Amino acid sequence: MTSDTPIRFQIIPAAPGAHLFEVICVIADPAPDGQVFSLPDWIPGSYMIRDFAKNIVQLWAGSDGRPLAVSKLDKSTWRCAPCAGALELRYQVYAWDLSVRAAHLDTTHGFFNGTSVFVRVHGREQHPHLVDIRPPVGEAYGQWRVATSLARTDAPPLGFGGYRAVDYDELIDHPVEMGSFTLATFSACGVPHQVAITGRHHADTDRLCRDLTLICEQQIRFFGEPPPMDRYLFLVTVVGSGYGGLEHRASCALLCSRDDLPQRHQPEMSDNYRGFLTLCSHEYFHLWNVKRIKPAAFTPYELNRENYTTLLWAFEGITSYYQSVMLLRCGLIDAAAFLEQLGRIATRVWRGAGRLRQSLAESSFDAWTKFYKQDENAGNAIVNYYAKGALVALALDLHIRRTSGNARSLDDVMRGLWQRYGQSGIGVAEDGVEHMAKEIGGAALAGFFDAVVRGVEDPPLAELLPQFGVAFELRPAEGGGDKGGRRSKVPADKLARRPVLGIRLAESGREAKVAQVLDGGAAQQAGLAAGDVIMAVDHLRATRASLDALLVAYSPTDSVTVHAFRRDELLVFNVVLQAPPADTCVLTLREDVDDDAVRALRDGWLQGA
Ligand SMILES: [Zn+2]
């Protein structure tokens, strides 16, 4: 046995109508006392145990054509009886999860992540892994091609055939799409980039490629050329309504709504398209921040149990800040749109009482059971480490810029992390980000991490932003659809007189269904619960669309009668309405800045690097 004997896989979309991939794995030199193998329980980047092995339908093991006994050791792990020659495993994987996290196969296309289909051969993880990706059988599939960032061996470009990975870790980090997708290409800093779009669409791919080129080159130059990969692939699945993204070392898998893509003859930047570019910018930034600047807890990934770290806020939050910074710096959005994006993120944070109960470090650590398994009480109990993490990144950036007169910034922290950890492959210790921030930011950051990362304090934006000529305001929401970030057209005193029930409604359906009851709010005090369907307010019928308008007739402290169904029982509540909380954030450029130092700080932040 040598360390370069490859593990060989073949994957065949054997039964697209039944959503079954057939996988064959050949191990030339199986462990003499019986080979152990397993399927991962989670996919890196999405921190939840998903038990992918539950989708294995049938598994057969054999050697030299004769079947071998296989025993199951736990939900995801098997052991074969010892054999003299090569070991062959054959199994079917049921693939009917249209997300970026698993595998999907039907008669229109196939998609898989390696974590869903390729078993890990224990003790052989460091060996090279070869994959033969076979086409489905039948004339109907004659036009199918393959899009993946896996390195080709004998497969033609975009073709079925041979691919390779240096080890198992790489094998599962290149998702594969097969079908009759649209392909567009561009070059960023000399590196070839592909965009493969699956699903019906009328996207202006020329414009998409132009805009993505700006984003990618901005980020490559930010961390320094050459980039850490020699090719990159955006795998985009278009549906009527959907959203998702997952980062990989040389690609990302995205799920978007059809109208998120730019349409031909539509020159303006729609909100949806801006959102899509923001998602692309986010996943691309992960090329550095989490795929290579990686927590020590993920070095290596343990794929059959939770991997705990208090640092997810730094990988997702800092990335969520830079997703917008990069769009601003490459000119795809202006300062007003940038501040609107930050205002929306801040609104998400300020609207959750959970931010006063759970710290960012705790939210990161418990992501597996809390952030990824949110229930109706999540807003009251936990903080979103993406959103608050982005605000902490913003506060850090402003802190460092202010104390250094714009000579240093969060950019230097990120480049420092890249040089110390990303380029060396050393995992970031739990205090590594804080250490680097303090090296760059100095004594001014004493206490910062205790307060806003390990503690539950709000980031000091109300104090920092005015020093950069930006106003930070909190106002009441206009109604259920108000995502924040924008000034209200309704005067502030009028907004403050609109009473609220203290609930959030489910975002779909005609009914006024309570999704969440806010802690300390009017609904909670009256006894309304998540899942209740509000039928009437003071005997007038309520729907999701009409509830806000029904309440406008009242003032805070008025009492109303609310009829609601809980399951199939009609209940009556006496609700004492409350004044609306000022939980909607608006960041705006102040026009009246006459202090040159403030102007210089603002220009450095919003125009500079
Ligand atoms: Zn992310």
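What you see is a predicted model, and the numbers here were worked out from it, not measured in a lab. What's counted below: heavy atoms across the whole structure, side chains too, no hydrogens, waters or symmetry copies. Counting convention: from 1, in listed order, for ligands and their atoms alike. Nothing fancy with the numbering, it's 1 onward along the sequence.
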Among Phe112, Trp96, Phe111, whose ring pair (Phe, Tyr, Trp, His ring centres under 6.0 Å) with His19 holds?
Trp96
In the protein, N/O/S atoms that are found under 2.8 Å from the Zn ion (ligand 1), waters not counted:
His282 NE2, His286 NE2, Glu316 OE1
Would you call the rings of Tyr322 and Phe222 parallel, tilted or perpendicular if under 30° counts as parallel and over 60° as perpendicular?
tilted
In terms of side-chain heavy atoms, does Thr584 have a donor or acceptor partner in Arg351 at a distance below 3.5 Å?
yes
Hydrogens and angles aside, do His435 and Glu439 bring a side-chain donor and acceptor to less than 3.5 Å of each other?
no
Look at Asp271 together with Arg274 and state whether they make a salt bridge at an N to O cut-off of under 4.0 Å.
yes
Could you walk me through whether Asp173 and Lys291 pass the salt bridge (charged side-chain N to carboxylate O under 4.0 Å, His left out) test, one step at a time?
CA-CA 10 Å; Asp173 204 12; Lys291 293 312 302 185; 3.2 Å; yes
